[in-house]
Amino acid sequence: MGPIGLDEALAMAEEKGFDLVEVSPGAKPPVVKMMDYGKYKYEQQKKAAEARKKQKVIEIKEIKMRPTIDDHDYDVKMRAMKRFFDEGDKVKVTLRFRGREMAHQNIGMELLTRIQKETDTFAKIEQYPKLEGRQMMMVLAPR
């Protein structure tokens, strides 16, 4: 429309049933637009809700083991871990030591190394194994 006075622009917007929205306040003269501001805000809300709906929330799933885990139990835990990675979640592997098992931490470290090697094709280490009290843990993330 070109440069128009503020009062005239407000009158034109009111006549058509629109709001006068300032698009670029820093320009000389300031740029304004006639629009239904309520409808615009509603559409922005809808777009934001749609974007939130599509995003994937990454969870951290925890797998608890013992250093003396049996082969079958180990296989069951590995299948669960594979399923978690397929869903896009991170996995925290926790190894709990009880009693005299603390004297044989190397067994726990070997178990975590074995897990790392078996999941190497579809997961990467995010946090290397570390000992905290009576627990040894590591965090794996999907590739």
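Numbers here simply count residues along the sequence, with the first being 1.
Considering only residues two or more places apart in sequence or on other chains, Lys64 meets the side-chain contact (heavy atoms from CB on, under 4.5 Å) condition with Glu62, Thr94. Every residue two or more places apart in sequence or in another chain was checked for a salt bridge (Lys or Arg N to Asp or Glu O under 4.0 Å) with Arg98, and none qualifies. When the salt bridge (Lys or Arg N to Asp or Glu O under 4.0 Å) test is applied to Glu59, the partners found at least two apart in sequence or on another chain are Lys61. Residues satisfying the side-chain hydrogen bond (donor to acceptor under 3.5 Å, both in side chains) criterion with Glu101, sequence neighbours excluded, are Arg66. Take Lys130 and apply the salt bridge (Lys or Arg N to Asp or Glu O under 4.0 Å) test, not counting sequence neighbours, and it matches Glu132.
Rounded to the nearest 0.5 Å, atoms CD (Glu126) and NZ (Lys92) are 12.0 Å apart. Between Met34 atom CE and Leu10 atom CG the span is 10.5 Å, to the nearest 0.5 Å. We find the CD-OH distance between Gln44 and Tyr37 to be 9.0 Å, quoted to the nearest 0.5 Å.
For residues 3-18, there are no side-chain hydrogen bond (donor to acceptor under 3.5 Å, both in side chains) pairs, not counting sequence neighbours. The list of salt bridge (charged side-chain N to carboxylate O under 4.0 Å, His left out) pairs with a residue in residues 34-48, not counting sequence neighbours, is empty. Among pairs with a residue in residues 71-80, none fulfils salt bridge (charged side-chain N to carboxylate O under 4.0 Å, His left out), at least two apart in sequence or across chains. Judged as a side-chain hydrogen bond (donor to acceptor under 3.5 Å, both in side chains), the pairs with a partner in residues 105-115 (not counting sequence neighbours) are, in order, Arg114-Glu118.
Not one N or O on the side chain of Arg96 forms a donor-acceptor pair closer than 3.5 Å with the backbone of Pro67.
Taking each heavy atom of Glu22 and Pro30 in turn, the nearest pair found is OE2-CB, 3.8 Å. In plain terms, the two heavy atoms of Ile4 and Ala9 that are nearest each other are CG2-N, 3.9 Å.
Counting side-chain heavy-atom gaps under 4.5 Å among Ile, Leu, Val, Met, Phe, Trp and Tyr, Ile107 is found in no cluster with other residues. Residues Ile63, Met65, Tyr74, Met78, Met81, Phe84, Phe85, Val91, Val93, Leu95, Phe97, Met102, Met109, Leu111, Leu112, Ile115, Phe122, Ile125, Tyr128, Leu131, Met136, Met138, Leu140 make up the rest of the hydrophobic cluster containing Ile69, defined by ILVMFWY side-chain heavy atoms closer than 4.5 Å, directly or through other members. When hydrophobic side chains of Ile, Leu, Val, Met, Phe, Trp and Tyr are connected at separations under 4.5 Å, Val31 ends up clustered with Val23.
Hydrophobic cluster membership is shared by Leu6 and Phe18, with clusters built from Ile, Leu, Val, Met, Phe, Trp and Tyr side chains linked at under 4.5 angstrom. Met12 and Leu20 fall within a single hydrophobic cluster, where Ile, Leu, Val, Met, Phe, Trp and Tyr are joined by side-chain heavy atoms under 4.5 Å apart, directly or via other members.
For Arg100, the CZ atom sits in a loose shell: 12 or fewer heavy atoms of surrounding residues, nucleotides or ligands are nearer than 6.0 Å.
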